[in-house]
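Following: one structure in structure tokens, then a few remarks.
Below, chain A is the first sequence line, B the second, and so on; all start at residue 1. All of these numbers come straight from a predicted model, not from anything done at the bench.
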Protein chains: 2
Amino acid sequence: MLHTRVIPPAEGAYPYPLLIKRLLLSGVRYEKNREIVYRDHSRYSYQMLNERICRLAGALTAAGVKAGDTVAVMDWDSHRYLECMFAIPMIGAVIHTINVRLSPEQILFTMNHAEDKLVLVNSEFVPLYNAIAGQLTTVEKTLLLTDTDGAHADLPNLVGEYEALLAAASSHYQFEDFDENSVATTFYTTGTTGNPKGVYFTHRQLVLHTMAVATIMGSVEGMLGGDKVYMPITPMFHVHAWGVPYAATMLGAKQVYPGRYDPELLVELWQKEKVTFSHCVPTIMQMVLNAKAAQNMDFTGWHIIIGGSSLNRSLYEAAKAKGIQLSAAYGMSETGPLVSVAHLNDDLMAASEDERTAYRIKAGAPGVLVEAAIVDGEGNFLPSDGETQGELVLRAPWLSEGYYREPEKGAELWAGGWLHTGDVATLDSMGGIDIRDRIKDVIKTGGEWVSSLQLEDLCSRHPGVREVAVVGIADPQWGERPFALLVAREGHVLDAKILKEHLKPFVEQGHINKWAIPSQIALVTEIPKTSVGKLDKKQIRQNILEWQGSNSAFLSTL
Amino acid sequence: MLHTRVIPPAEGAYPYPLLIKRLLLSGVRYEKNREIVYRDHSRYSYQMLNERICRLAGALTAAGVKAGDTVAVMDWDSHRYLECMFAIPMIGAVIHTINVRLSPEQILFTMNHAEDKLVLVNSEFVPLYNAIAGQLTTVEKTLLLTDTDGAHADLPNLVGEYEALLAAASSHYQFEDFDENSVATTFYTTGTTGNPKGVYFTHRQLVLHTMAVATIMGSVEGMLGGDKVYMPITPMFHVHAWGVPYAATMLGAKQVYPGRYDPELLVELWQKEKVTFSHCVPTIMQMVLNAKAAQNMDFTGWHIIIGGSSLNRSLYEAAKAKGIQLSAAYGMSETGPLVSVAHLNDDLMAASEDERTAYRIKAGAPGVLVEAAIVDGEGNFLPSDGETQGELVLRAPWLSEGYYREPEKGAELWAGGWLHTGDVATLDSMGGIDIRDRIKDVIKTGGEWVSSLQLEDLCSRHPGVREVAVVGIADPQWGERPFALLVAREGHVLDAKILKEHLKPFVEQGHINKWAIPSQIALVTEIPKTSVGKLDKKQIRQNILEWQGSNSAFLSTL
């Protein structure tokens, strides 16, 4: 270690730990009349937001919550969620944002594993909560959230209803300082094997992530700023709605929370509240474009970041035709999540429309303070030539430092001092990331690596294909063979031979090798998805094995 | 202290210290073809910037510079200065940016106090350097900077010439990690009494300051971003050109360094390089507007931040008439410097042109992560009512934690755990700062506090006044009495009686009380200024006492 000069601060110098409460210094004060909107249910100013955060902190403290405790939230995306994202960490507690789309067994597992002490439950989730309440090992109290009169909901150990408790609490709260490395938030990520794993983020990490979000989405792209209107369409339980609510609050931007994702409502809110900035997964984007209310709408001025799954060109162009500027972004639960947003640099600004689109739908280049590299299976660095594939590894000041109470899995995540994303990617000379596949989804056939994502993209270009998933299935001769699961468009016929004919030109043009053509496909009406809307390849593989075992009628073989 | 949850990182988790080298991860990589321009002398890409920083680090290391050493720079604003701002701290050393406008005695003092070990000297400063070289107690080596062929300049212990050393060094350098609290930069601030004091900033502080600059000037105002063109007109020795070069580099913006501030050259560079963003003190702004080349120029699209001294309405409007958008900002050497920029919030966007101007020329509201308050002489907090005056005190993650080797002065700066700015201000309910005066310049007369800045503003509204300074002069009856130093415009006559007649209406309208009218003025051809162009009130008071002693002809008494 270098012997640099470190000087003890002058007597009295304030050490300024990076705490979440500091994100309330600018926007709340300077844009105090800007609004926080929750559907047609609630609408109030930033000044009120600040007051309500204080009241919530008081109510939680009165309910016995102490620093270091975990407080869980089961709610749709609302102003209350935003208030919890501030108040809970600001009193030194940890907010556990429960993924309400998990199975009851998984939710139960995460709540016991996170050692939740108090749970805020939306009245709509009371039946779900009560179904698992008997097996919760650490929860002592519950608090009711309701949009209607749910005051009589049957919750065990109920402290009270949210609005009533806030009304009874003081509008002032003295938030103490503490170690910036204190855990502030936790939530669980579901892998394809084993139990959900708890990622966690400290105050320091979230403040730095927030500054990076503001910088990247603001000064780099101009999407986010105090004068913008923000509506998240990514659940708040999932990596804090990608961290944007913290940044939007710091900057004092108007925020619109849509609750559940009814596409008609989203379009209505967009129009009524003059939304300029959102983020979502491709599936939701498609739903919004398909909404009845969207059909005659010109969405010009709406900038949307797409993450979670890869953004394809047809969705990009469909959105563009309606005035929406999409930009792909890359990140994951473990990364806070911001790694990159596909904004255009100087050279790309001058490039053709086609090249610009090609870049906008890829993952973009790492944002400020983010270091990215690709490595082979032994951790050796590979060249950034836009061709060589390797596992994407990262360093940034806001990456989860492990998994809660899972030291081995944490050490695996950080093997060699870099966070392993589990994604196969190429890096180009300007840092641009192109995600090729999940490592576990890459199809190893005949000594070659075939990207399942690329095959899905090529299959989806057939006019008869509405949805597609490609997985590798074990094969004694080739190691693995690609298998395609297809949903046909109405009025179209598909079989393995038709797909082969469709893919042949791509083999001839050198995009894929001939081993990449699936020799067996299945025609289905629906493709299994995970709780966050991604293709559930684990389930897909299981289904295929079952069908193959029973020689199902779904199957079509060359 | 609260017992929050602090979890040791997983084995192998990278701790990510906030180091200046990390600012080179985004812009340098992603905007590698953007340019760094130095007058008509040099022009190269970001990719080359990165390479040259590595070469400089290698050359300094080869010259014996070690972590913890202080390396001083005497240069005009150049690409070399930018390279030094990165390379020197990146090897763990401390860059001392020498204020070349100080007197030789003061420069000598700062160099010995900072314990400079190696000095980079522009050939134009060789005579100045050699004049003090014999009294330097710590300097071991020198390094020559030159725009011409200065290779034969007579410098003692010369290591070599900058470009030759860079050419000889490797284009790669492995920058090690170290403690983020290591000192990275130091420079000296000149008070009105005593020796210059050394403020200093750590890597952590500068990274956080850079993120805040990017956020405030980017996402809040849209002035700074990867697609903007930045030309500083504030010396790089002075608080790192207000910290913007670090932010511009992080974002990958084109940068234009003008060397010395020849107004004709500045206008020429603006036009040629398509500059969109600058910052300067009011004096320089006035010089640019007065430049011959500026007379028929439309500067639309140029956004300039004004700091250092207060921005008056006439300068604001003169700039606006030529298409330049000015925004006042507030900060000082001890604050990194960014505290606030006068951008418009939601309410102000809807206000009248007049109200918007009134706000744009004030200091603005504290930026992200900045906490501001006003206190009385005992440190009691005063109300933010836009009326009550008190000393402005601050907290932010990037304020100097003291003065180098001056623990008592450091403790005074941080009395009560807040940084004392020495400025008298009001705060309004949205946090807006209105600087009324320096504490030491406030005129205490007849039991009232009279702002010398306000008096200067009112005096300057007389058409015959070209420049004005007001100071308090001791008076046996009133404690102090205001004294005005005036420079008359050609063709105008001024005396104490004319000034009194001019000020009377402001007394009648309640802007000032009648004791505020100076009973004695002096007519001069020039007003003493400090090395950074501010009114030198210490010198002014001295002059007045001398004139009063000699009953000088300059004086005009009521």
Side-chain angles (χ1 to χ4, degrees), chain A residues 1-7 9-14 16 18 22 25-26 29-34 67-68 92 94 176 178-179 181-183 211 214-215 218-220 222 224-226 250-251 345-347 365 367-371 395-397 401-402 407 410-411 413-417 430-431, chain B residues 1-7 9-14 16 18 22 25-26 29-34 67-68 92 94 176 178-179 181-183 211 214-215 218-220 222 224-226 250-251 345-347 365 367-371 395 397 401-402 407 410-411 413-418 430-431:
Chain A
M1 189 67 120
L2 297 177
H3 289 286
T4 54
R5 190 184 303 167
V6 179
I7 303 179
E11 190 189 329
Y14 178 67
Y16 207 106
L18 299 176
R22 297 301 184 179
L25 277 170
S26 42
R29 182 180 51 197
Y30 189 54
E31 297 286 3
K32 59 184 181 176
N33 295 322
R34 282 248 167 80
V94 179
E176 287 181 48
F178 45 79
D179 185 345
N181 295 307
S182 303
V183 178
M211 296 291 281
T215 298
S219 59
V220 172
L224 186 59
M250 178 177 81
L251 296 171
N345 68 2
D346 206 21
D347 298 342
V368 295
L369 304 185
V370 179
E371 192 175 9
R395 286 175 164 179
E401 293 184 318
L413 180 69
W414 279 102
M430 58 191 186
Chain B
M1 188 67 118
L2 297 177
H3 289 286
T4 54
R5 189 184 306 167
V6 178
I7 303 179
E11 190 190 328
Y14 178 67
Y16 206 105
L18 299 175
R22 296 301 184 181
L25 278 170
S26 43
R29 182 180 50 197
Y30 190 54
E31 297 285 4
K32 59 185 180 174
N33 294 322
R34 282 249 167 78
V94 179
E176 287 182 46
F178 44 79
D179 185 344
N181 295 307
S182 302
V183 178
M211 296 292 282
T215 298
S219 58
V220 172
L224 186 59
M250 178 177 81
L251 296 171
N345 68 4
D346 206 21
D347 298 342
V368 295
L369 304 184
V370 179
E371 190 174 11
R395 286 175 165 179
E401 293 184 318
L413 179 71
W414 278 102
W418 290 76
M430 58 190 187

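One distance of note links CE of M430(A) with CG of D346(A); it measures 11.0 Å at 0.5 Å rounding. Note that CD of E371(B) and OH of Y16(A) are 7.0 Å apart. Values are rounded to the nearest 0.5 Å.
When the candidates E31(A), R5(A), E401(A) are compared by the number of heavy-atom contacts under 4.5 Å with chain B, R5(A) comes out ahead. Most heavy-atom pairs under 4.5 Å with chain B: of the set L369(A), N181(A), T215(A), V6(A), this distinction falls to L369(A). Of the listed residues (G225(A), S182(A), G222(A), G402(A)), the one with the most heavy-atom contacts under 4.5 Å to chain B is S182(A). Of the listed residues (S26(B), G367(B), G226(B)), the one with the most heavy-atom contacts under 4.5 Å to chain A is S26(B). The residue among E11(A), R395(A), R34(A) with the most heavy atom pairs within less than 4.5 Å of chain B is R395(A). Listed options A411(B), A67(B), G218(B), G416(B) were ranked by heavy-atom pairs under 4.5 angstrom with chain A; first place goes to A67(B). Counting heavy-atom pairs closer than 4.5 Å to chain A, the top-ranked of the candidates L413(B), D179(B), N33(B) is N33(B).
Only the side chain of L251(A) comes within contact range of chain B, with heavy atoms under 4.5 Å apart. With a 4.5 Å cut-off on non-hydrogen atoms, L18(B) touches chain A through its backbone and its side chain both. Both the backbone and the side chain of V183(A) have a heavy atom closer than 4.5 Å to some heavy atom of chain B.
Applying the ring-ring contact (aromatic ring centres under 6.0 Å, His included) rule to W414(B) yields no partners; only residues at least two apart in sequence or on another chain are considered. Residues satisfying the salt bridge (Lys or Arg N to Asp or Glu O under 4.0 Å) test with R29(A), not counting sequence neighbours, are none.
Side chain of T4(A) to main chain of G92(B): no donor-acceptor pair is present (N/O by atom type, distance under 3.5 Å, no hydrogens or angles).
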